[in-house]
Amino acid sequence: MRIVIAEDAAVLRELLAQMLTERGHEVCAAVPDGDTLLAAVAEHRPDVTVVDIRMPPTHTDEGLRAAIGIRREHPGTGVLLFSQYIETKYATRLLAAGSAGVGYLLKDRVANVAEFTDSLSRVAAGGTALDPEVVTQLAGASRRGDDLESLTAREREVLALMAEGRTNAAIAQTLVVSAGTVEKHVAAVFGKLALPASEDANRRVLAVLRYLES
Amino acid sequence: MHESAGERPREGARAEPSRRFSPGAVLRAPFTARAWAEVAYCLIGFPLTVVGTVLVLVLLALGTGLTASLVGTVLGLALVVAAVGLARGCAAVHRRLAQGLLGERADAPPRLLPTGKAFARLDARLRDAAGWRSVAYVLVKLPVAAFGLYAVGWWLTALLNLSAPLRWAVFHQRPAAGEAGMPTITPIPFGGGAPHSTSFAGTFVAAAIGVVTLLAAPWFTRGVVAVDRWLIRALLGPGQLAERVRSLEESRALAVDDSAALLRRLERDLHDGAQVRLVALAMSLDMAKERLGRDGEPVADPARVRQLVDTAHRNATEALAELRDLARGIHPPALDDGLSDALSTLAARSTVPVELSVDVTQRPTPAIETIAYFCAAELLTNVIKHSGARRTVLRVAQEDGLLRLRVTDDGRGGATLGAGSGLTGLQQRVRTVDGRLDVSSPSGGPTAVTVELPLHA
C-alpha cells in the first residue's frame with residue numbers, strides 16, 4: 001500500500017511510519033496538519049491516508065474536514081480517521097457521502113498493529129472500518145432498543161461486526177465459526193430488523209448505521 | 001528596593017487634558033468643541049428641565065396631598081407613582097443628552113418590571129430607589145439648569161460687548177445727542193452700571209470687557225456643567241447595590257470561564273501529552289512482541305526488539321513526567337503545609353535567583369492560598385521567560401486584612417496588562433475573589449507586580 005500519514009504528535013507519526021514501512025508498505029509522506037495533508041495527497045495519490053482528527057491550527061476537526069475533502073477530490077484514496085475519542089457526530093459526517101473507502105478508529109487500536117494494518121488494508125481496498133465504539137454508542141443511543149432485544153446474543157455480535165464493516169468471511173474468522181453459520185445469522189438479523197438484505201459489506205454498514213441512528 | 005505606592009498607576013488617576021491650565025488653554029477655551037457642546041447642553045437642557053421639574057412637582061404635590069387627605073389615597077398614590085415614572089423618563093432624556101453632548105456615560109438603572117398582585121406592584125414602584133433618585137435629580141437639576149442658562153448669558157453679553165465698535169462704526173448705533181451713551185452690558189447683575197460709551201474710542205472699553213467675559217464664559221459654563229456631571233454620576237447611575245451586583249455577576253462569569261478554561265487546558269495537555277505517549281508505548285510494545293515471535297522460536301531481530309523496547313520505555317518515562325507535572329498543576333502537594341512551604345519549593349525550582357520572604361500570621365483559606373500560589377508561579381515564570389532579570393524578589397505579607405504578594409525583578413520591564421497578556425488572565429483570576437492586581441513596569445525596568453487578595457474567598 002502507498003500511504004500518507006497526518007498526525008500532529010511527532011512521536012506517534014514517526015512510530016506509525018516505521019511500523020508501516022517495516023510491514024512492507026510505502027509511506028509517501030508523514031505530515032503534521034490538514035493543509036499539508038491535502039497537498040501531499042494531491043502530490044502522491046496514495047492508496048490510503050491515516051488522518052488524526054484534532055490537528056493544528058484549531059485542534060478541533062481539521063482532520064475530518066480534510067478527510068471529507070479528500071473523499072470528494074480523490075475518490076480512489078481511502079481515508080482512515082483516528083482519534084482519541086469517538087464522536088458519533090463525526091462518524092455520521094464522514095459516512096454522509098457513503099461508506100466505501102472510509103474508516104474511523106480509536107487511536108488505541110494502533111496498539112494492536114496487526115489488526116490496525118488489516119483495517120487500513122480494508123479501507124485502502126474500498127471497504128469500511130468502523131470502531132466497535134461507534135457501533136456501541138449508536139446502539140446505546142438508539143430508540144430501537146426493543147427490536148435489538150429480539151436478537152440473540154450471537155446475532156447482536158454479528159450485527160456489531162457488520163456495522164464495523166466486516167465481510168461475512170471476516171466475521172466467520174473473528175467468531176471462529178463457518179461461513180455458512182455467519183450467513184444464517186446475517187439473514188436472521190436482516191429478517192428481524194426488517195433491513196434490506198445485501199451481500200455488499202459497504203452497503204450493509206450504511207443500512208445498519210441508519211437503522212441504529214434512527 | 002520597594003517603590004512607593006504613588007508610582008503605581010491607579011484607576012481614575014488619568015489626567016484629563018482639560019485639567020491642565022495654561023495661558024494657551026485659557027485663550028483657546030472659547031473656541032473648543034467642548035465649550036460649545038457644553039453651551040448646547042445648557043441651552044437644550046434648560047427647557048427640558050423646566051418642563052420635567054414642573055410636571056414632576058405638580059404630580060408629586062397633587063399625589064401627596066390626595067394621599068394625605070385619605071379620601072383619594074388610591075388616586076394619590078397612583079399620581080406619586082406616575083411622578084416617579086415621569087422622573088425616570090426625564091432622567092433617561094438627561095442621561096442621553098449628557099452622553100451625546102458631554103460624553104458623560106451613566107449606565108441606566110435596570111428597568112423596573114414588578115410582578116404579582118396590584119398591591120405588590122404598587123409597593124415595588126413606590127420603593128423604586130432608582131426612580132426616587134431620578135426624582136431627586138429632576139428637582140436639584142432646576143437651579144443647576146438656571147445657572148446653566150445664566151452661563152449662556154455670559155457668552156451672549158460677551159459677544160454683544162465685543163461687537164460694540166463694529167456696531168458703532170458700521171451700523172451707526174450711536175447715541176443721539178443728550179443720551180447717556182451706548183450702554184455696555186454686564187453679565188454681573190449687581191454692582192452698578194458699566195461705563196457707557198460716548199465715543200468710538202469708548203466702545204473699545206466695552207469690547208475689552210467683552211473679551212474678558214468671553215474668556216471667562218467657558219470656565220463658568222464648565223463649572224456649572226461639572227456640578228451637573230457630578231449629579232448625574234451620583235443620581236442617574238445604576239446605584240451602589242446594582243453596581244455591586246453587576247460587579248459580582250462579572251466576577252462570577254470570570255470564575256466560571258476561568259475554571260472552564262482550566263479544564264479545557266487539562267484535557268488538551270492530557271490529549272497532546274500523556275495519552276499520545278501511552279498510545280506510542282502500547283504500539284511499540286506490540287511491535288516488539290511481534291518480533292519476539294512465538295514461544296521457543298528464535299528471535300528474528302534482537303537489535304530491533306531492543307530498540308522498540310527502548311522506545312516504549314522512553315515513552316513510559318515521558319508519560320510519567322507529564323502526568324506528574326499535570327497533577328502538580330492541579331494542586332501542588334506542598335500547598336497543604338501552607339503558602340510558605342509551597343513558595344519555598346517554587347522559589348527553589350526557579351532558574352532566576354529568588355529572594356523570598358513570607359510573613360503570614362493568619363492562614364488564608366485554601367482557595368486564596370491556591371490563587372496566591374498560582375499567581376506567584378505564573379509571575380516567576382514570566383520573570384524567567386520574558387524579563388531577562390538577574391534576580392527577583394518575592395514578598396508575601398499580611399497587611400490590613402489583605403494578603404499582599406509582590407514580585408519585583410531587575411529585568412527590562414515593559415510588561416503590560418492587556419488583551420492576550422498572561423497578566424490579564426491572572427488579573428481575572430484574582431478578581432474572582434475581589435482581589436486586585438497592579439503592574440508597574442516602565443520600559444527598561446524594574447518590574448513590580450502586586451497582587452492583593454482577601455484572606456477569605
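Naming: A, B, ... by sequence-line order, numbering from 1 per chain.
Within the 4.5 angstrom heavy-atom criterion, no atom of A:F116 approaches chain B.
Annotation: residues 27-53 of chain A contacts chain B through no residue [non-hydrogen atoms, separation under 4.5 Å].
Of all the listed residues (A:R109, A:R23, A:K107), the one sharing the greatest number of non-hydrogen pairs under 4.5 Å with chain B is A:R23. Among B:R268, B:R277, B:E318, the residue with the largest count of heavy-atom pairs under 4.5 Å with chain A is B:R268.
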Hey, can you pull the donor-acceptor pairs under 3.5 Å for the side chains in residues 95-103 of chain A, sequence neighbours left out?
from	atom 1	to	atom 2	distance (Å)
A:S99	OG	A:N202	O	2.9

Using a 3.5 Å cut-off and no angle test, enumerate the donor-acceptor pairs between side-chain atoms of residues 325-339 of chain B and protein atoms at least two apart in sequence or in another chain.
from	atom 1	to	atom 2	distance (Å)
B:D325	OD1	B:R328	NH2	3.3
B:H331	NE2	B:D336	OD1	2.9

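Applying side-chain contact (heavy atoms from CB on, under 4.5 Å) to B:L308 and the options B:R291, B:M283, B:H313 leaves one that passes, B:R291.
Defined by atom type and a distance below 3.5 Å, a donor-acceptor pair is present between the side-chain atoms of A:Q18 and B:R304.
Between the side chain of A:D131 and the backbone N or O of A:L106 there is at least one donor-acceptor pair closer than 3.5 Å.
Residue-environment remark: CZ (B:R390) stays at or below the threshold of 12 foreign heavy atoms within 6.0 Å.
With sequence neighbours left out, B:V309 forms a side-chain contact (heavy atoms from CB on, under 4.5 Å) with B:A288, B:V305.
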